[in-house]
Amino acid sequence: MYIMEKKSAPELNQKMYGISSTYFLIDLHNDRELFYALTYDEIVSTESWLCFSGIALNRIMDGDLKEAWNVINSIPEGNSEKTIILKFLKIGLTVVHPEITFRQFVDQLNTLKNLSQPLITVMLTAGRPFLLNGFNDFSRIGVLLPKHREQFLGYIKYMYDESLCPHIYNLCLAEYYYQINRLVDAEMLVGTSLKKFNAQGEQRITFAALYLQAKILLANGKTVKSESFVQDIRKLTGETGRVEFSYNIDAMEVLFFLYEGKMGQVSEWLKKGAPDEFADFNMLDLYRYMIKMRCYIATRKYAAVIALVERLRPLVIAGRRHMDLCELDLLLAMSLYSAKKENEAFEALDRALKIARRHDYLRLVADEAEPMLRLLIPYIKQREETPFLMKLVEMTRDMAIHHPLYMKIPLEEGESFTQMELDVLTLMEHGKSKEEIAEYFFISVNTVKYHIKNIYAKLGAKSANQAVWNAKVLGVI
């Protein structure tokens, strides 16, 4: 039996000094019991101030946001020589706390500005792909970026190296342009910034930029070959990236597998690589949970999607994570619709589209391709046709056409076709009518209709063309 060796406050404090280069958030979470075992008196008496960060950040990752605030507020003011250290510590932890508003975030940056000191160790991406949607969800400020460039540049320099500020701004703007479907503008900004991040050795931001570049390629109808693209990402993010991002890069590769229809690899990741939300729950795994829910949908595990959505919902609401909340309800709606619960699916879609319309999350909806299109069409018929919804249909239809294999639902385990059904499918592929098929086998047209009904049910099809297409996609014929 493995027993974790207890470490002193100074030892853990020393670990925290290297958090941005050798000691990552995932390592911090693995050591959380060591930090939780520390007492307030131990930290203060040994002046191991960074241990407050270790405890607070772990509380945030555990989703215990109230306790994280208690830790932050317990940081002492300090005497004269330590005042500045403790002040920066408190500002840094306040900035990354998910519950702060954008106004509070700006207030903290203004405090840094008055102190004339940057806080360059803040990791707003928190190991996930998006810059605007990291620890704090500031994706809703995207609309302000083009109008207030200089103001945002002034803020960014208190979180990142000043030479990177214009490129950080461009990447944030690219994420906004991507969501509103200005793909050419987004691609130009990402391409230019990516070279700078790579040259500067900024692995975290390189990862965010590469991921966005892949999403832009998919939105433009291009095929992203998972093996080669992910290999490039691993190479560009280097050894540091391998340690810090491996779990997210693996999940990103699974997303590409879903677009490519590689359900074997998807199932393998579900068995061996996906995070276990019922074991070691970690809000740092939010991106991986989102990918896992898509895998659940593709493998018809709808109850698992519903359970995970409801576990995450209160945490993303508390953290004002609008984009994540929208994504949760989109995945929930697709799952419920596939489970034949139309009314509940439409209610979930109502909530998601309300957020999407308010914050211009167009691509968040459209990137779900055919599964979303199958949901949007009956939804519009029941609700009403609006310019916003028709724009979403147009974008989603384009994705469905360019990526027909996305989340293509495989046959149930043990579900197979009889030889007669395979023969009927082959004749349907050749354009034969029901009457012609009946003549082939000396059977009645009603018997042919019976076989076709079974074929449609197994393939999730409503027409002969769709049945033939689905059969080809799934390798049945």
Side-chain angles (χ1 to χ4, degrees), residues 254 257-271 292-306 331-345 368-379 381 396-397 399-477:
V254 172
F257 287 155
L258 286 168
Y259 278 102
E260 295 173 282
K262 295 181 177 179
M263 296 310 300
Q265 289 92 325
V266 168
S267 298
E268 186 69 14
W269 182 76
L270 274 177
K271 292 176 184 176
K292 189 175 186 180
M293 282 186 279
R294 289 173 172 83
C295 297
Y296 278 153
I297 294 172
T299 53
R300 297 177 175 176
K301 295 173 181 166
Y302 307 126
V305 176
I306 295 169
L331 295 174
L332 179 62
M334 290 190 293
S335 186
L336 289 168
Y337 189 74
S338 296
K340 312 299 182 185
K341 297 181 181 293
E342 185 177 277
N343 290 336
E344 293 96 326
E368 298 307 322
E370 187 178 327
M372 180 55 62
L373 186 63
R374 288 201 306 265
L375 174 58
L376 278 174
I377 292 173
Y379 173 85
K381 289 179 180 177
T396 307
R397 184 174 58 234
M399 285 294 286
I401 291 171
H402 291 302
H403 305 287
L405 302 180
Y406 179 63
M407 283 207 298
K408 186 60 69 175
I409 299 173
L411 300 178
E412 292 278 15
E413 187 174 353
E415 190 173 45
S416 60
F417 289 84
T418 66
Q419 188 58 50
M420 175 61 79
E421 288 167 350
L422 291 173
D423 291 339
V424 169
L425 255 175
T426 301
L427 292 174
M428 289 167 63
E429 181 188 9
H430 296 161
K432 301 297 183 183
S433 67
K434 297 182 184 68
E435 291 74 17
E436 289 173 315
I437 294 173
E439 289 180 2
Y440 261 72
F441 298 106
F442 299 98
I443 56 178
S444 69
V445 172
N446 282 337
T447 301
V448 174
K449 288 180 180 178
Y450 169 79
H451 289 307
I452 291 176
K453 181 180 178 182
N454 288 339
I455 290 169
Y456 284 6
K458 291 179 180 180
L459 291 171
K462 295 181 180 179
S463 68
N465 286 339
Q466 187 181 10
V468 169
W469 170 255
N470 287 355
K472 288 182 176 180
V473 166
L474 297 171
V476 176
I477 58 174

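What you see below is based on every heavy atom in this structure, not just the backbone, and it leaves out hydrogens, waters and symmetry mates. The structure presented is a predicted model; accordingly, all values stated were derived computationally and were not measured.
Atom-to-atom distance recorded for Arg397:CZ and Glu370:CD is 13.0 Å, nearest 0.5 angstrom. Ile297 contributes atom CD1, which lies 8.5 Å from atom CG of Leu332 (distance to the nearest 0.5 angstrom). Here CG of Leu459 is found 13.0 Å from CH2 of Trp469. Values are rounded to the nearest 0.5 Å.
Contact annotation: the side chain of Lys458 approaches that of Glu421 to within less than 4.5 Å [non-hydrogen atoms, C-beta and beyond]. Leu336 is listed as a side-chain neighbour of Ile306, based on a closest heavy-atom distance under 4.5 Å. The shortest distance between side-chain heavy atoms of Val254 and Gln265 does not fall below 4.5 Å. Annotation: side chain of Tyr440 is not in contact with side chain of Asp423 (no heavy-atom distance under 4.5 Å). Residues Asn454 and Thr418 fail the side-chain proximity criterion, which asks for heavy atoms closer than 4.5 Å. By the 4.5 Å heavy-atom criterion applied to side chains, Leu425 and Glu429 are not counted as neighbours.
Looking only at atom types and distance, the side chain of Tyr406 has a donor-acceptor partner in the side chain of Glu368 under 3.5 Å away.
Within 6.0 Å of OH in Tyr450 there are 12 or fewer heavy atoms belonging to other residues, nucleotides or ligands. Atom NZ of Lys341 is surrounded by 12 or fewer heavy atoms from other residues, nucleotides or ligands within 6.0 Å.
Of the possible polar contacts, none joining the Ser335 side chain to the Leu331 backbone as a donor-acceptor pair under 3.5 Å is found. Listed for the Glu436 side chain is no donor-acceptor partner under 3.5 Å among the backbone atoms of Lys432. At distances below 3.5 Å, not a single donor-acceptor pair connects side-chain atoms of Tyr302 with backbone N or O atoms of Met334.
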